[in-house]
Amino acid sequence: MVKEDERKKIINDLQSLAETVHALKEQHRQKHPIVIEFSGSPKAGKTSSINSLELFLKRNGFKVKVVQERASVCPVTDKQSPMFNIWTACMSLAGMLGTLEEKSSNIDVLILDRGIFDALCWFEWLYSYGKMDRQLKESVEAFLLQKEFVKSIDIVFAFKTTPETSIEREYANLLTDKLGSIMNPRVLQTYLGAIEKTHREKENKFQKVFIIDTTTRTQDEVGKDVTEKTLNTLRDVLMERIGFFKKTDELMGILNQKSFFLYDELKQQFDTNQIAFDYREDVEKQDSLLQPIPIAVITNTKNRVLVVKKSNISSSEKSPEKDRVLPYVGGHTRREDIIPGKKEDFLDICKTTLKREIQEEIGISVSLDNIIPDIIYTPTVEKSKKHLAICFRVTVEEDTKLRLDAEELVQKKGVSKSGRFLTTEELNNEPLEDWGKMIMKKYFKIEQYTLFNNDNQ
């Protein structure tokens, strides 16, 4: 048992951390909830930890939603059928996506009581028992492990305990000692093996996976571990870690030759210089770092160009975008756009970022398959020297309905041009910042814009 003075210290430390994170919420906008999946073997303490975390977060001012485990209402009666676990996995996935895609949601933390990782563990167990074909296992796993799904899960807590402890906890308050189809030493032991194998082989598919062995730990110790990791993750999301390259002499020697490049002209530089991530406020201070910004020039089938305008609260006084009409949308690569430990091509990271940004800023989904971007670098002011546009051209249907982020963009109201598709003639009369000028010059052959002396194209 944890001593009373130690328990008080745990409570004080966690509440202090919660206050720090809550203060950050007042300063930084949280664009989406963090997602915590709880997985694990029977009677390992998963449900108790979910209840403890949910109560703690709510009592400390955070909005929480729990997607409950649906196993108890599954219409598949055979718990050792692959269809049982496919059904429960799909229900969990639907609950997660439904919450994340609901634009009116103001949830801070979304808790999944079993989810994708848990399903993978059960598939591994079913396969080892000869209850699931390899082809079905691999097909379903490939679906569940889509990057668009797993990158949304910030933490997986996988609980485990010994079979003896599971059975002892299960029967502590029951007036029977008969074993069940799952609650027996042989099944529980092989399931522990499935957890360990899944963790070993699939950990690099997820953001973070923590194995929590509760065999010899108290509920307070486990609760502290889970709550602390959750609060630290929430803090990281609020602080926002953005991507950057270090400015090498070779890279800058190429970039300073002109302002517009085909992607292949810089592909080797991107391949050899690994993108890194750090807190935005620290990256922005350093002149030696270059921030890639994936952007999309969006035209409709009538070749009209979507323009937007940043809101006052989303653009700083020194930003070249302030008070300008922008013929593009997009933003920084963020730490959440990658899976740690998984080697990803820079172009794939940019596409993940841009699809997320388009969804967040204007509320639509697009495909970037087979689209190769261009590169724009216009170091005319101090801020633009630190930013590199990775520019994609995207076409959408004429009747596409947009839903502009009210905190990020000026709304389509009255005479506002923000959120409208304009002809190139209409755009020709607008004062644009330098990326916009280069877009108009290169994509729409409007030559009136001049950037700087070394624009020698």
Side-chain angles (χ1 to χ4, degrees), residues 14-15 17-39 46 49-68 92-118 146-159 203 205-210 212 222-243 277-280 331-341 352-353 356-357 359-360 405 407:
L14 289 177
Q15 290 187 166
L17 179 56
E19 289 171 4
T20 299
V21 176
H22 207 277
L24 286 172
K25 277 182 57 63
E26 303 300 318
Q27 305 170 33
H28 304 277
R29 182 187 177 198
Q30 184 179 349
K31 293 186 178 181
H32 59 81
I34 65 166
V35 180
I36 314 295
E37 177 186 339
F38 284 81
S39 171
K46 172 181 66 68
S49 292
I50 290 174
N51 294 338
S52 175
L53 179 62
E54 180 186 14
L55 182 61
F56 176 91
L57 292 171
K58 286 182 175 180
R59 293 278 175 88
N60 284 275
F62 298 96
K63 295 181 176 63
V64 185
K65 179 177 179 179
V66 179
V67 175
Q68 298 288 354
S92 176
L93 181 60
M96 179 181 77
L97 295 180
T99 302
L100 295 179
E101 293 295 319
E102 184 183 357
K103 298 305 177 184
S104 60
S105 173
N106 60 352
I107 300 300
D108 299 313
V109 180
L110 175 63
I111 297 174
L112 304 181
D113 185 354
R114 302 198 183 276
I116 293 175
F117 185 87
D118 189 78
Q146 293 295 312
K147 184 179 178 182
E148 286 79 3
F149 301 157
V150 293
K151 77 177 181 63
S152 299
I153 302 174
D154 296 273
I155 303 177
V156 175
F157 291 120
F159 286 67
E203 180 185 18
K205 305 290 186 183
F206 293 83
Q207 299 276 14
K208 299 175 188 173
V209 178
F210 296 106
I212 299 181
V222 173
K224 175 182 182 296
D225 194 10
V226 167
T227 306
E228 197 170 57
K229 286 180 168 62
T230 299
L231 289 172
N232 284 330
T233 299
L234 187 52
R235 179 181 60 187
D236 283 350
V237 168
L238 290 167
M239 292 293 286
E240 191 179 11
R241 296 188 184 211
I242 61 172
F277 294 83
D278 205 347
Y279 293 118
R280 181 169 185 162
H332 287 86
T333 56
R334 298 206 299 250
R335 167 62 181 71
E336 66 200 66
D337 296 324
I338 67 165
I339 302 295
T352 298
T353 293
R356 172 185 53 73
E357 285 284 337
Q359 180 62 237
E360 289 176 355
D405 182 343
E407 294 193 41

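A quick note: this is a predicted structure, and the numbers were derived from the prediction, not measured. Any value given below was found using the heavy atoms of this structure, including those in side chains, with hydrogens, waters and symmetry copies removed.
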Pair Phe157, Ser49 - check side chain to side chain contact (heavy atoms under 4.5 Å, CB included), show working. CA-CA 10 Å; Phe157 291 120; Ser49 292; over 6 Å; no
**Asked** Are any side-chain N or O atoms of Asp154 and backbone N or O atoms of Val35, one a donor and one an acceptor, separated by less than 3.5 Å?
**Response**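 Yes, Asp154 side chain to Val35 backbone: donor-acceptor pair under 3.5 Å.
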ask   = Is a donor on one side and an acceptor on the other found under 3.5 Å between the side chain of Glu37 and the backbone of Ile153?
value =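 Judged by distance alone, no pair lies under 3.5 Å.
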Query raised in the report: Under 3.5 Å, is there a donor-acceptor pair between the Arg335 and Gln207 side chains?
Result: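 Yes.
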TODO: Indicate whether any N or O donor in one side chain lies under 3.5 Å from an N or O acceptor in the other, for Asp337 and Thr353.
DONE: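 Yes - a donor-acceptor pair under 3.5 Å links their side chains.
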How many angstroms lie between [atom1] in [X] and [atom2] in [Y], if you round to the nearest 0.5 Å?
| X | Y | atom1 | atom2 | answer |
| --- | --- | --- | --- | --- |
| Thr20 | Leu234 | OG1 | CG | 11.5 Å |
| His32 | Asn106 | NE2 | CG | 14.5 Å |
| Ser52 | Lys224 | OG | NZ | 13.0 Å |
| Thr227 | Leu57 | OG1 | CG | 7.0 Å |
| Ile111 | Ile50 | CD1 | CD1 | 6.5 Å |
| Met96 | Leu112 | CE | CG | 6.5 Å |

Side-chain touch [X]/[Y], heavy atoms, less than 4.5 angstrom:
| X | Y | answer |
| --- | --- | --- |
| Asn51 | Val66 | no |
| Phe56 | Thr230 | no |
| Lys151 | Glu336 | no |
| Arg280 | His332 | yes |
| Asn232 | Asp236 | no |
| Leu24 | Met239 | yes |
| Phe277 | Thr333 | yes |
| Leu97 | Phe149 | yes |

Handout entry: Under-4.0 Å salt bridge between Arg29 and Glu360
Key =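 Salt bridge between Arg29 and Glu360, a charged N being under 4.0 Å from a carboxylate O: no.
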| Any salt bridge between Glu407 and Lys31, counting N to O under 4.0 Å? |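 No salt bridge links Glu407 with Lys31.
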Minimal non-hydrogen separation, [X] against [Y], with atom names:
| X | Y | answer |
| --- | --- | --- |
| Lys25 | Asp108 | NZ-OD1, 2.7 Å |
| Lys46 | Asp113 | NZ-OD1, 2.5 Å |
| Ser39 | Asp118 | OG-OD1, 2.8 Å |
| Pro33 | Leu100 | CG-CD2, 3.6 Å |
| Lys63 | Ile107 | O-CG2, 3.7 Å |
| Ser92 | Gly115 | OG-CA, 3.3 Å |

Relative to the ring of His22, is the ring of Phe62 parallel (under 30°), tilted (30 to 60°) or perpendicular (over 60°)?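 Judged by the thresholds at 30° and 60°, the geometry between Phe62 and His22 is perpendicular.
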For this session: Decide yes or no on side chain to side chain contact (heavy atoms under 4.5 Å, CB included) for Arg334 and Glu357, but give the supporting numbers first.
Result: CA-CA 10 Å; Arg334 298 206 299 250; Glu357 285 284 337; 3.7 Å; yes
Cation-aromatic face contact Lys229/Phe210, 6.0 Å, 45 degrees: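 Flagged: Lys229 positioned over aromatic ring of Phe210.
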| said: Are more than 12 heavy atoms, taken from residues, nucleotides or ligands other than Lys205, located less than 6.0 Å from that residue's NZ atom? | reply: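 Open.
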